[in-house]
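Worksheet for the structure shown next.
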Amino acid sequence: MSDHGLEAAKRQIGRRRDEVPTPALLLDLPKARRNIAEMANRMAGVPAALRPHVKIHKNPGLARMQIAAGAVGLTTATVWEAAAMVEAGHASILIANQVVGPIKVAELARIAGLAQVIVAVESLYNAQELSEAAVTAGSQIDVLVEIDVGLHRAGVRGAEAALALGREIARLPGLRLQGVLGYEGHCMLEPDRAVRVQKTLAANAALIALADLFDREGLDTTIVAAGGFGTWDITGANQRITEIHAGSYIFNDAFHRNLMPGFETALTVAATVTSSTGDSAVVDCGRKSIGIDRAVPEIVGDAAKIKFDHGEYAIHEEHVVLTLRESAALKVGDRVELVPGYSPTTVNLYDIYYVVEDDRVIDVWPIEARYGRTTAGIDPS
Ligand SMILES: Cc1ncc(COP(=O)(O)O)c(C=O)c1O
């Protein structure tokens, strides 16, 4: 966002939350703070530490609040998110993903000279390029071997192959093997709690089996990492798992609020009614301003629901069509707020949060880690 755009947004500070131009991303700060405190409180009851995933909010200030509440570091999905957190002064970042290719690997090696940077590795090719980059940069990159524990996304298939990779990594200069990672993402989607528990225990067992193999060979297992919001209490209760990477608790979007009670919804998209006819209305947000994957967005209050039409929810690029509770329940110019289906893919659509407390805009915060993708400024030569 240009400085001009940011200045314009800042002029909204002090106004009511229903006055900002729409669509707008509203961060309810007291609710987010209470969610951070609630998670810290819950984590105090399990052996694992919390290293919250910040792809959800992409904001170093919110990350600082999570660290102040006891988090041991941060988790990111990309090297650019990690760079934004390091530039803002954060000291320990896990990139729970593969970082492949010379420019991204060089950036990782650079920031590893400024903070502890840990990365998940699942191939020897990648381990070697990381090693070379760390040697060139004169830094040390911490590494976890990622194993597939059932999500079938990334991760080495099978404990023996993961052990073999661990052995290789332990020999590579510039890298420090720190342990293992096995993300049970396939369990987060499971609405039936009993099934979620059963699937998570199986996934955790696969990760622990690898940690045991590492121990037997004398390979480092300082970190045994897994977990998300949907499994924090199951994975976090495991004595062998040192840290979990829950992140969605901070906003508690539509997808998560039905899975994990006790947290508040701290992120909404504000929209304005642009059309109202009988029991139908239209608001000025859509696929370009609200994440609709994983769950359908929900309208705050009971005036309307998102229309289900032609076999799908009526969410277009710049229009959401509503079915009103009663005719004219919403008029042109009225405001509504929507809870995103999924927070990370909503936040990624915006430059700024309007930070609100009760019904007032109290600040405007840039979504810093979003910029990294294009402004990392790496010189590939
Ligand atoms: C590797 C990894 N760890 C942890 C998480 C946790 O996120 P959440 O809090 O949304 O469950 C994610 C989310 O996609 C992830 O990809």
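Model, not experiment: these values are computed from the prediction. Count residues from 1 along the sequence. Every number for a ligand or one of its atoms is a count from 1 in the order of the listing.
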**Item:** Heavy-atom gap Ala120 to ligand 1 smaller than 4.0 Å
**Value:**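 No, that is not the case, since the closest heavy atom of the residue is not under 4.0 Å from the ligand.
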**Per atom 11 (O) of ligand 1, closest listed option by heavy atom (Phe255, Tyr183, Tyr249, Phe229)** =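 Among Phe255, Tyr183, Tyr249, Phe229, the closest heavy atom to atom 11 (O) of ligand 1 belongs to Phe229.
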**Prompt:** With only distance considered, is Ala96 within less than 3.5 Å of ligand 1 through an N or O on each side?
**Reply:**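 By distance alone, the answer is no.
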**Asked** Is there a nitrogen or oxygen of Lys55 sitting under 3.5 Å from a nitrogen or oxygen of ligand 1?
**Response**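 Yes; the residue has a nitrogen or oxygen that sits under 3.5 Å from a nitrogen or oxygen of the ligand.
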**Request:** Report the C-alpha separation of Asp142 and Arg176 in whole Å, then their side-chain angles, then the decisive distance to 0.1 Å, and conclude whether the salt bridge (Lys or Arg N to Asp or Glu O under 4.0 Å) test is met.
**Result:** CA-CA 5 Å; Asp142 286 353; Arg176 181 174 70 159; 2.8 Å; yes
**Asked** So which bit of Arg153 gets within less than 4.0 Å of ligand 1, heavy atoms only: side chain, backbone, both or neither?
**Response**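 Near ligand 1, Arg153 shows its side chain, while the N, CA, C and O stay back.
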**Request:** Record the part of His245 in heavy-atom contact with ligand 1 below 4.0 Å; permitted values are side chain, backbone, both and neither.
**Result:**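 For His245, backbone and side-chain atoms both sit under 4.0 Å from ligand 1.
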**Item:** Donor-acceptor side-chain pairing of Asn41 and Glu38 below 3.5 angstrom
**Value:**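 Note: Asn41 and Glu38 side chains miss the donor-acceptor criterion.
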**Asked** What protein heavy atom sits nearest atom 9 (O) of ligand 1, and how far off is it?
**Response**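 The answer is Gly247 N, 2.6 Å.
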**Asked** For atom 10 (O) of ligand 1, which protein heavy atom lies nearest, and how many Å away is it?
**Response**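 The answer is Ser248 OG, 2.5 Å.
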**Prompt:** In a check of salt bridge (Lys or Arg N to Asp or Glu O under 4.0 Å) between Asp233 and each of Arg196, Arg193, Arg42, which one passes?
**Reply:**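 The residue from Arg196, Arg193, Arg42 that satisfies salt bridge (Lys or Arg N to Asp or Glu O under 4.0 Å) with Asp233 turns out to be Arg193.
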**Pair Arg11 + Glu19: basic N to acidic O under 4.0 Å** =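 No.
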**Request:** Could you tell me which atoms of ligand 1, counted from 1 in the order shown, lie closer than 4.0 angstrom to a heavy atom of Ala246?
**Result:**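 Heavy-atom distances to Ala246 below 4.0 Å select 9 (O).
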